[in-house]
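Notes follow the structure.
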2 protein chains.
Amino acid sequence: MSETDRGPVPAEPADRLIEVFDLVGPLYRRAQRKVEQEAPIEGLSVGVRAVLNMLREHGPMTVPQMGRAQALSRQFVQRMVNDATAQDLVGAVPNPAHKRSSLIRLTPRGRAAITAVIDRERAVLRQIDGELTEAEIAACVHVLSRLLRLLDDVDVD
Amino acid sequence: MSETDRGPVPAEPADRLIEVFDLVGPLYRRAQRKVEQEAPIEGLSVGVRAVLNMLREHGPMTVPQMGRAQALSRQFVQRMVNDATAQDLVGAVPNPAHKRSSLIRLTPRGRAAITAVIDRERAVLRQIDGELTEAEIAACVHVLSRLLRLLDDVDVD
DNA sequence: TCAGTCATGACAACTAAGGTGTCATTATTT
DNA sequence: AAATAATGACACCTTAGTTGTCATGACTGA
């Protein structure tokens, strides 16, 4: 119906990857909204949530590291870290590697908050556990990671 | 390093799905930025691009339909359609099914613009064609689709 | 058929995610 | 020691996307 005139298209891998991107958009937006609905309980903005989650799974990091890891500008992450600090969700500890840039790490309160959020999300995701195989999920992670690396040259700052 | 005290975690499927979401965020943002860098050539905002792309692969649709399809508010899509109309990228045709809500479809100019954009993206994606199998990509699409459906109850408007 | 409800388009106001530019300060590096 | 790069801080801005409201025209069901 939407084909112009050159007949059926072979649908090469690149096209299937475009399908992936077409899914990423709506998924991202829906997930954002879900987080917004849930997180207010803890009073977390999406940005703060992202920071806490990074610290949760990666351990203490510096602000610039987090920015690079999430493809966010250093300044934005800084603001989120400042917010989180004001709420006593994260704290700074001296960084042995870089004297200027301290390591940010979760406070007990921060850990409790992010754990609660993640647990609630896990509960939602468990609803579809049975329908997806481990292999499929692994493949998905793999494909997305590769795509991410492809776009990595997009540098911030 | 970030484990609190309850030892190694089994990493159930729900956790792997959280990994998926952790990838979706950065991927979405990087993709947005790439689009922003490319699209200015055609003068397309991200929203307009999304509309054109929907029409490209789905054929003519009404504004509310597009909103639902992309989990975007009706009003936002409307604005994008208005923008696109002003640029002569899309046009309205009478809708046999609903007399009030006309069908939006690509104009030749619109089709040319979105085709150019997609082709450029396809070229980028072809760089990694060889590294991902068809099966992996298919699995990825499957997983993302399922997740999308899970979050579907989030209704706009 | 007529009342009531529903869906659409239009417009306005708003929120928040996220970027950019700049400056002073402090680390690294050579 | 000088030059360069990285960090934090702050201000400003862009724009994606929502929400609210209203008038109007379209279905629907009694």
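As the structure is a computational prediction, the values presented were derived from the model and not from experiment. In the text below, chain A, chain B and the rest are named by the order of the sequence lines, each starting its count at 1.
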message = With a 4.0 Å cut-off on N to O distance, would you call B/Glu121 and B/Arg126 a salt bridge?
response = no
task = Identify the residue among A/Leu132, A/Leu125, A/Leu144 that makes a side chain to side chain contact (heavy atoms under 4.5 Å, CB included) with B/Val20.
result =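 It is A/Leu144; the other options fail the test.
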Find the distance [X]:[atom1] to [N]:[atom2] and express it as a whole number of Å.
X	N	atom1	atom2	result
A/Arg74	C/dT25	CZ	C1'	12 Å
A/Gln32	D/dA16	CD	P	15 Å
B/Arg100	D/dT24	CZ	P	10 Å
A/Gln75	C/dT22	CD	P	12 Å
B/Gln78	D/dG20	CD	P	19 Å
A/Asp83	D/dG8	CG	C1'	15 Å
B/Phe76	D/dG17	CZ	P	5 Å
B/Gln65	C/dA7	CD	P	13 Å

message = I'd like to know if the side chain of A/Asn82 pairs up with that of A/Arg79 as donor and acceptor (distance under 3.5 Å, no hydrogens or angles considered).
response =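 Looking only at side-chain atoms, A/Arg79 and A/Asn82 do not form any donor-acceptor pair under 3.5 Å.
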query = Just checking, is any N or O donor in the side chain of A/Arg29 or B/Gln70 under 3.5 Å from an acceptor N or O on the other one?
reply = yes
So, OP1 or OP2 of [N]: does either fall under 4.0 Å of a side-chain N or O from [X]?
X	N	result
B/Arg29	C/dG18	yes
A/Ser45	C/dA16	no
B/Asn82	C/dG9	no
B/Ser101	C/dG9	yes

query = Any donor-acceptor pair under 3.5 Å linking the side chain of B/Asn95 with the backbone of B/Ser101?
reply =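 Side chain of B/Asn95 to backbone of B/Ser101: a pair is present.
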request  = Ignoring hydrogens and angles, tell me if any N or O in the side chain of B/Thr107 forms a donor-acceptor pair with the backbone of B/Leu89 under 3.5 Å.
outcome  = yes
ask   = Is it the case that more than 12 heavy atoms not belonging to B/Arg146 sit under 6.0 Å from its CZ atom?
value =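 More than 12 within 6.0 Å, yes.
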Close N/O contacts between protein and nucleotides 13-15 of chain C (under 3.5 Å):
none

message = Side chain of B/Arg68 only, heavy atoms from C-beta on: which candidate in D/dG8, C/dG9, C/dT8 is closest?
response = C/dT8
note = Taking for A/Met80 and for B/Ile104 the nucleotide of DNA chain C with the nearest heavy atom, the one nearer the 5' end belongs to B/Ile104
